[in-house]
Amino acid sequence: MLKIDFKDFYDFDKNKYEKNVLEIHDKVEKLKNYNSEYLGWMEYTTKQNDEIDKAIQLGIEFQKFETLVVIGIGGSFLGTKSFYEIFKDRISQQKTKLIFLGNNISGHYLKTVLKKLENKDFAINIISKSGGTLEPAIAFRLVKDLLYKKYGEDAKTRIIVTTDPFKGNLRKSAIDEGYQTLAIPGNIGGRYSIFTTVGFFPLSAAGIDAYEMIEGIRDAKKIFDKRNFDNPAYKYAIARRIACEKDKKIEIFTAYDPTFTYFLEWLKQLFGESEGKDGKGIYPMSVINTRDLHSLGQFIQEGTKDHFETIIWADENNEIIFDELDVDFDGLNDLAGIDIDIINRKAMEGTRIAHKNGNIKNILIELEEISPYSLAYLSYFFMKACSMTCYLLKVDPFNQPGVEDYKKEIKNLLNNL
Ligand code: PA5
C-alpha cells in the first residue's frame with residue numbers, strides 16, 4: 001500500500017538501532033492498555049466501538065443541514081480539516097459543507113464567517129478535549145448566539161459537543177444546556193485524535209466514508225505494529241534520527257497537490273508538538289510544489305544545508321490534457337495529449353534529482369491511490385513513526401508543556417484588560 005524509497009537518503013546502520021527500536025516496541029505494547037499513557041489511539045479505532053458508530057450515524061443525520069460549523073483548534077481541528085480539504089471535491093456526492101472556526105482570534109475572520117452564516121442553514125460541532133481552550137470558546141459563544149437568534153430553542157438540536165466524557169467546562173455546559181455529546185477518550189491526546197469522534201462526526205456529515213478510514217487503520221496496523229526492524233514506520237523514525245545526527249534539523253514535508261496543504265499542517269503539528277521539547281527535535285515545515293519551487297525552491301536547492309525532504313506522492317489519473325495548436329506560440333506542442341498528472345510526476349522526479357545533486361537528502365512516500373482508506377493508512381504510519389522517533393529521542397510524544405507557557409502569558413494580559 002505504501003512504497004517508501006530511501007535510496008536518496010543516508011544508509012541505515014541496523015546494528016546501531018535495532019535493539020533500541022525493539023525494546024521501545026515491547027515497552028509500548030506493554031503500556032498501550034494503561035489509561036495514563038496516552039496510547040489509546042493504537043487500539044481505539046479498530047475495536048468494536050459504540051461511540052464511533054454513534055458519531056458516524058449522527059454525522060449522517062446531520063447531512064440534512066447545509067453547513068456544519070466545526071469549532072476547534074490544534075488536534076481538535078487539523079486532522080478533520082486535512083481530510084475535508086483532500087476529499088470534499090473528490091467524493092461523488094458532497095453533503096454538508098464544513099466551515100472551520102475557533103482556530104484563530106481574528107476579528108475580521110470571525111466577522112466574515114458570522115456574516116456568511118446569517119444566510120445559511122447551519123449546525124455546530126464544538127470540539128475541545130479540555131473544554132477550556134480560548135479560541136474555540138470565543139467562537140462557540142459567538143456562533144451559538146447567532147444559532148439561537150435564528151432557530152430559538154430548536155438551536156439545541158443543532159449543537160454537538162465533542163469533549164472529554166467526564167470532565168471540563170464544556171462537558172458541564174453541554175449537560176446543563178441539554179446538548180448532545182460525543183466522547184473523546186481520555187487516553188488519546190489531541191494530535192492523535194483524528195480517528196475518533198473528533199474526525200468521524202464532521203467528516204461523516206460531509207459525506208466522507210469513515211468506515212473506509214477505519215479499514216485503512218486496520219490494514220495499517222497489520223504492517224506498522226509489527227515487531228520488526230524493517231517495519232517501515234520504524235525505518236522512517238530511524239531515518240529522522242540519522243538526519244538529526246547529521247545536523248539536518250529541518251524536515252520539509254512536500255506535496256504536489258494544494259489539497260494536501262492541511263495534511264501537511266497536521267503533520268507539522270504531529271511532529272512539532274510531539275518532538276520539539278528539551279531543546280531537541282526536528283523543525284517541521286512544508287511546501288506545496290510546484291508552487292513553492294517558485295518561491296522557496298532556490299533556498300532549498302542552494303541555501304543553508306540543514307534540511308531534508310519527505311515527499312508524499314500518489315499517481316493520479318484526472319485525464320486532463322491539452323491539444324496541439326497550429327501555431328506553437330508557447331512551445332508546448334510536444335506535451336499535447338500528455339496527461340497533466342504525468343507532467344506533474346515528471347516535475348516531482350526532476351526536482352528530486354536536482355535536490356539530490358544539490359546534496360539535499362529525501363525520502364519518497366508513495367500511496368497507491370488517494371482515498372479515505374489510503375490517507376488513514378498513511379496517517380497511522382506517521383503516528384506510529386512519530387511516537388517511535390520521540391521515544392528514540394527520549395522525549396514524551398504525548399505532552400506539550402511548552403504550550404502552557406504562552407497560554408499563561410496570554411491569560412495574564414487578558415486578566416488585566
Ligand atoms: O495536540 C494537542 O493536544 C493540542 O494541539 C490540542 O489538540 C489543542 O491545544 C486543542 O485542545 P482542546 O481540544 O483541549 O481544546
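Scope of the values below: all heavy atoms of this structure, side chains included, with no hydrogens, waters or symmetry mates. Each ligand, and each atom within it, is numbered from 1 in the order the structure gives.
For the residue pair Lys268 / Ser286, a side-chain donor-acceptor distance below 3.5 Å is found, with atom types taken as modelled.
Protein residues having at least one heavy atom under 4.0 Å from any atom of ligand 1 are Ile73, Gly74, Gly75, Ser76, Ser128, Lys129, Ser130, Thr133, Gly190, Arg191, Gln269, Glu273, Gln400, listed by chain and number.
Screening Glu18, Arg227, His25 against Tyr234 for a side-chain hydrogen bond (donor to acceptor under 3.5 Å, both in side chains) leaves a single residue, His25.
Remark: Tyr84 engages no residue in a side chain to side chain donor-acceptor pair (under 3.5 Å) (not counting sequence neighbours).
Between Glu349 and Arg345, at least one side-chain nitrogen of the basic residue sits less than 4.0 Å from a carboxylate oxygen of the acidic one, meeting the salt-bridge criterion.
Heavy atoms of other residues, nucleotides or ligands lying less than 6.0 angstrom from OH of Tyr262 number 12 at most.
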* **side-chain hydrogen bond (donor to acceptor under 3.5 Å, both in side chains) between Ser274 and Tyr192, worked out** => CA-CA 10 Å; Ser274 299; Tyr192 292 81; 3.1 Å; yes

